[in-house]
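Source: prediction; values computed, not measured. For the single chain, residues carry numbers from 1 onward in sequence order.
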Amino acid sequence: MSVFYGIDFTVALLPAVLMAAAALGAWWTGRAPWRAFIALALVALVLSLVALGLQLGLAASADDVNPDLWLAPNLFGAWVSALVQLLGAAIGVYSSKHLQGEPRQSAYVVGLAAVLASVHVLLLANHWVVLIAAWAAIQYAMHGLLCFYPERPFAVLAAHKKRVTDRAVDILLVIAAALGWWACGSGSLTVLWQSIAAGASSPALQWSGVCLALAVIARTALMPVHGWLVQVMEAPTPVSALLHAGVVNLGGYVLVLFAPLLGVAPAARWLLVVFGLVSAVVAGLVLLTRVTQKVHLAWSTIAQMGFMLLECGLGLYLLAALHLLGHSLYKAHNFLAASGAVKDCKRKLLTGEVENSSLSMALAVPVAVVIVAGIQFLAGNHAWPWWWSGVLALAWAPLLWVPGAGQARAGVVRARLLVAAGMAVALTVAACIVDRVPVGAGQAPLDAAGVVALVGMASMYFGMVALQLWPRSTFMVGLRRWVYAGFYMDEIYTRWVLRFWPVAWAQSDEPTRLPSITPAAAAQTPNS
């Protein structure tokens, strides 16, 4: 197996080498070699698929990995690597047309290729140092892409807030690494897994898990540090696709990778449940108040990241892995197609711009519960705990809403039925394969947190119904204002950041005073 393992490692490392070469070439020449980048990206995609096939053939476990290796392929990392490289190649092709005539295309190629190279290194990390360095390199490379238009003050504001958050995350990761290193005597992740499997569960490991959870919460833009993810809509559309479909999702990968550590750190799992649930519920409500396409997609990402981290906190790591892969493809397609009028029309139909029937809202939950329970029964009760069926039903129920009588009723009903049918098929597939997905992690349900998640999702559903049925009541008008602003959490965070880390706005000799720019206004800036 060692010979094949060496081949697998070499093949898995080559995509990072090719993307690093593309970044260096664009930086050295000062030009945008789109053809060369696309060719290298396609070769890297083929190599990523080959590495995935080798991993599936090897079926190696963590115990088979040499603990002295700082870089080592793993099965779930191979899946994510192939997915990210596919998205990177598609985004490169799209960008070569989308950015025609832009003066800073070479810097864009450098940033895009550097992000992809750093992601591949992160997915091979078998040591705390590599993990922290690669994740930090991704954020540094993304900063240049987010500031592609440096003359736009909202772009600078969003990138500055993200940079401050990233530095806090780096500190948390260093603390987590130091505690884990001290508890196990090594920075190797393989040694960490082996120590936990042998029964290690010291306070140092538990605090390491807490710091890791907080770092992932911040880096995946959960509330209250979510505002920059909405405000980076100032960046070019393909940058948004790369960020929302690839980079932000890496938090879910890290949590699945560190599932053994979370298993001995219950406080870390509860942090993920609380922050994930709050972000999913609030962002889900905010979605009802936003109509701008890219801003709507950004809030959708916040809700999805909250749901993904909630799954990890609940111990449903396989479902989180499937969610990560599916969300990446879905969000990349939606961002790259954001300018299409047909897509915009479908979005308007599906997000409730036609008044919904109160009867359908009342029947949606019981119908969704029956469907989800039926799927779980057909797949076997091993698929997931009973409370997760309730959580899924509440999350899925709004798709079953249908409008009252009106000219557009038939079209809306057909669109929603098609989406609901697609969700049912996807859910059936997930239920059938969830305990057989080869990602290197198992299920570890946390029943008490599952009940909390069920109550939280029920509150979100009833809040959505209330906003639909009584939009003009005095209470709902006031609540809608708070919901629209995300309960002003980002405003508080922005003022705190700019108070202690002021930033001078682009193309200006004097820093702009805070009252002239507010996050609420930034959320409504024109899309690029």
Side-chain angles (χ1 to χ4, degrees), residues 16 18-42 44 84-85 87-120 136-164 166 228-248 294-295 297-298 332 335-339 503-512 517 522 525-528:
L18 292 177
M19 291 297 92
L24 288 173
W27 174 77
W28 183 263
T29 62
R31 292 178 292 184
W34 283 115
R35 291 184 179 179
F37 171 82
I38 293 171
L40 290 174
L42 292 175
V84 169
Q85 191 56 46
L87 297 177
I91 290 170
V93 173
Y94 183 96
S95 300
S96 65
K97 305 296 182 182
H98 183 79
L99 297 177
Q100 283 186 357
E102 294 286 351
R104 301 183 63 246
Q105 293 185 56
S106 61
Y108 181 93
V109 175
V110 171
L112 176 59
V115 167
L116 294 174
S118 301
V119 168
H120 286 300
I138 294 169
Q139 311 312 315
Y140 277 112
M142 280 300 306
H143 183 81
L145 295 176
L146 298 179
C147 292
F148 184 75
Y149 298 113
E151 70 279 3
R152 298 183 177 182
F154 288 123
V156 177
L157 171 63
H160 177 67
K161 288 164 61 179
K162 183 179 185 301
R163 181 164 51 186
V164 171
D166 287 336
W228 65 265
L229 190 63
V230 179
Q231 293 155 16
V232 294
M233 296 300 102
E234 289 281 340
T237 294
V239 173
S240 299
L242 176 67
L243 177 64
H244 290 254
V247 174
V248 174
K294 288 176 67 177
V295 171
L297 289 173
F335 266 106
L336 296 181
S339 60
V503 59
W505 304 117
Q507 308 300 329
S508 174
D509 296 331
E510 297 294 334
T512 301
I517 294 181
T525 55
N527 296 325
S528 47

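The side chain to side chain contact (heavy atoms under 4.5 Å, CB included) check on Ala332 picks up Leu87, Ala245, with sequence neighbours excluded. In this structure, the side chain to side chain contact (heavy atoms under 4.5 Å, CB included) partners of Ala20, at least two apart in sequence or on a different chain, are Ala117.
Taking each heavy atom of Ala141 and Val115 in turn, the nearest pair found is CB-CG2, 3.5 Å. Considering all non-hydrogen atoms of both residues, Pro236 and Phe148 come closest at CG-CD2, 3.6 Å. Across every non-hydrogen atom of Val109 and Pro33, the tightest pair is CG1-CD, 4.4 Å. Nearest approach of Val247 to Gln139, heavy atoms of both residues: CG1-NE2, 4.3 Å.
Rounding to the nearest 0.5 angstrom, the gap separating the CD atom in Gln231 from the NZ atom in Lys161 is 3.5 Å. Taking CG of Leu243 as the start and CD1 of Ile91 as the end, the distance is 10.0 Å to the nearest 0.5 Å. One finds the CG atom of Leu146 at 12.0 Å from the CG atom of Leu157 (value rounded to the nearest 0.5 Å). Annotation: the span from His120 atom NE2 to Ile138 atom CD1 amounts to 10.0 Å, rounded to 0.5 Å. In this structure, CE on Met19 lies 12.0 Å from OG on Ser118, to the nearest 0.5 angstrom. Taken to the nearest 0.5 Å, the CG atom of Leu145 stands 15.5 Å off from the OH atom of Tyr140.
Ring geometry for Trp34 against Tyr108 counts as tilted: the plane angle lies between 30° and 60°, on a 0 to 90° scale.
Judged purely by atom type and a 3.5 angstrom limit, Gln85 uses its side chain to pair as donor or acceptor with the backbone of Ala41. Between the side chain of Arg163 and the main chain of His143, no donor-acceptor pair closer than 3.5 Å is present.
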Using distance only, find each side-chain donor-acceptor pair of residues 21-29 under 3.5 Å and give its atom names and separation, not counting sequence neighbours.
{"from": "Thr29", "atom 1": "OG1", "to": "Gly25", "atom 2": "O", "distance (Å)": "2.9"}
{"from": "Thr29", "atom 1": "OG1", "to": "Arg31", "atom 2": "N", "distance (Å)": "3.3"}

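Contact of the Trp228 side chain with the Asp166 side chain is not registered, since no non-hydrogen atoms from C-beta on lie closer than 4.5 Å. Contact check for His244 versus Leu229: side-chain heavy atoms found under the 4.5 Å cut-off.
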